[in-house]
Every structure is written in C-alpha cells, then in structure tokens.
Amino acid sequence: MPNVEDAIRQDAQSPKEVTMPLNPVLTYRDPRAALDFLQKAFGFEPVHLYEADDGSVAHAELRFGDGVVMLGTARNSGVMGGLGPGAVYVAVQDPDAHHARAAEAGAEIVLPLTDQDYGSREYAAKDPEGNLWSFGTYVAKV
C-alpha cells in the first residue's frame with residue numbers, strides 16, 4: 001500500500017474529478033495515524049494532503065467510491081476547535097468482506113454484522129480516536 005504522500009502525488013498526475021455536495025469533516029489529534037488507519041481498515045484512498053507551516057495536517061481528503069471525507073488536525077480554538085468524535089455512514093456492496101478487513105486491521109467493532117429490519121446488512125466500528133464508522137448496504141434515496 002503506498003503511503004499517503006506518494007498516493008496523493010500519483011493522484012495529482014491523473015485526478016478523478018467528482019463534485020460532492022456533502023462532505024463529512026472529522027478532526028484528529030494524530031491525523032497521519034488516522035489517514036493510515038482509514039486506508040488499511042476501511043479501504044479509503046488518499047486524494048489530497050495539505051500541511052500547515054508547522055508540518056501538521058491542515059487538510060486531507062480521502063475517497064471511498066465516489067464519496068469523500070475530509071479531515072485535519074484537532075485544535076482547541078477556532079471554528080473547528082473543541083470538536084469531539086463524529087459519526088459517518090458509508091454504503092458498501094459487501095459488508096461481510098468490509099467487516100473482515102476492518103477487524104483484521106484492528107478496528108474496534110462496536111456493532112457486529114447485523115441484518116436490520118429495514119433491509120440493510122451492516123456493522124459499526126470506532127477508529128482509534130473514537131469516531132463511529134457504520135458500513136452497510138443501505139443507500140439513501142434522494
């Protein structure tokens with residue numbers, strides 16, 4: 001698996017243009033570790049990484065299918081200051097395989113694979129900083 005910086009450089013040479021009207025944003029105390037975890041455990045692909053002058057992650061973007069999640073370094077002040085853990089739902093075609101990958105990578109599974117009454121097969125896991133990630137077959141109809 002390429003590291004974040006190499007993958008982003010490669011992607012910049014042949015970017016995939018997708019316009020996303022809604023993008024979840026999460027902050028992490030250790031965003032580089034989060035980038036690595038989200039790739040290994042959940043299969044996200046790096047798109048962009050922007051560093052602040054002090055070398056911290058100012059902004060990063062990861063792609064999953066046609067969806068994008070943004071993340072950055074947690075701060076104690078400013079507009080994004082003091083945010084706590086968040087939650088994100090991601091539609092996947094094969095939740096069983098996705099669950100196996102996440103469990104193998106050490107994700108904390110907090111909801112085992114479950115067939116829901118509304119027809120979705122899904123599970124939920126926490127990342128190392130407490131954000132809740134749910135993956136399942138439910139796709140919102142808009």
Side-chain angles (χ1 to χ4, degrees), residues 1-116 118 120-142:
M1 176 179 303
N3 68 33
V4 174
E5 288 83 3
D6 290 343
I8 290 169
R9 274 193 290 280
Q10 180 182 15
D11 191 65
Q13 295 169 3
S14 58
K16 177 182 175 185
E17 294 289 331
V18 176
T19 301
M20 299 302 302
L22 179 65
N23 298 290
V25 179
L26 301 171
T27 59
Y28 289 89
R29 292 181 304 277
D30 187 348
R32 291 187 193 282
L35 289 165
D36 185 55
F37 176 83
L38 294 172
Q39 290 175 79
K40 287 180 182 171
F42 299 150
F44 281 83
E45 300 172 14
V47 178
H48 297 291
L49 174 66
Y50 302 100
E51 295 181 337
D53 292 338
D54 64 3
S56 65
V57 175
H59 177 81
E61 296 177 11
L62 295 169
R63 175 176 41 232
F64 189 93
D66 286 337
V68 173
V69 63
M70 299 179 190
L71 61 94
T73 301
R75 308 279 185 208
N76 291 326
S77 62
V79 173
M80 300 288 285
L83 294 179
V88 180
Y89 181 89
V90 182
V92 296
Q93 290 183 357
D94 186 348
D96 293 78
H98 198 275
H99 175 273
R101 175 186 183 143
E104 183 177 316
E108 177 189 354
I109 306 298
V110 296
L111 174 68
L113 278 165
T114 303
D115 292 317
Q116 301 291 359
Y118 48 86
S120 181
R121 180 160 176 79
E122 56 196 41
Y123 78 97
K126 285 189 177 179
D127 67 29
E129 294 199 24
N131 294 295
L132 180 67
W133 294 85
S134 298
F135 297 90
T137 57
Y138 174 79
V139 177
K141 306 286 190 251
V142 292

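Across all their heavy atoms, P95 and Q93 have their closest contact at CD-O, 3.5 Å. The minimum heavy-atom distance between A60 and V57, with the atom names listed, is CB-CG1, 4.1 Å. The two residues A105 and F37 make their nearest non-hydrogen contact at O-CE1, 4.4 Å. Nearest heavy atoms, A125 versus A107: CB-CB, 4.1 Å.
Atom CG in D96 sits 5.0 Å away from atom CG in L113 (nearest 0.5 Å). R121 CZ to D94 CG: the interatomic distance, rounded to the nearest 0.5 Å, is 9.0 Å. Remark: T27 OG1 to R75 CZ distance equals 10.0 Å, nearest 0.5 Å. To the nearest 0.5 angstrom, R32 atom CZ is 8.0 Å from T73 atom OG1.
For the pair E122 and S134, the minimum side-chain heavy-atom distance is 4.5 Å or more. Within the 4.5 Å cutoff, side-chain heavy atoms of F42 are placed close to those of H98.
Residues passing the ring pair (Phe, Tyr, Trp, His ring centres under 6.0 Å) test with F44, sequence neighbours excluded: F64, W133. With sequence neighbours left out, Y28 forms a ring pair (Phe, Tyr, Trp, His ring centres under 6.0 Å) with no residue at all.
The side-chain contact (heavy atoms from CB on, under 4.5 Å) test with L71 is passed by exactly one of L62, L49, N131, V25: L62. Put simply, the residue from V47, N23, V69 that forms a side-chain contact (heavy atoms from CB on, under 4.5 Å) with E61 is V47.
Summarising the local packing, CG of D54 is surrounded by more than 12 heavy atoms from other residues, nucleotides or ligands at distances under 6.0 Å. A 6.0 Å sphere centred on CZ of R29 holds no more than 12 heavy atoms belonging to other residues, nucleotides or ligands.
Put simply, the side chain of Q39 gets close to the backbone of L35: a donor and an acceptor are under 3.5 Å apart. Panel note: side chain S120, backbone T137; a donor-acceptor pair is recorded below 3.5 Å.
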All N/O donor-acceptor pairs, side-chain side in residues 79-91, below 3.5 Å, sequence neighbours left out:
residue, atom, partner, partner atom, Å
Y89, OH, G136, O, 3.3
Y89, OH, Y138, N, 3.0
Y89, OH, Y138, O, 3.3

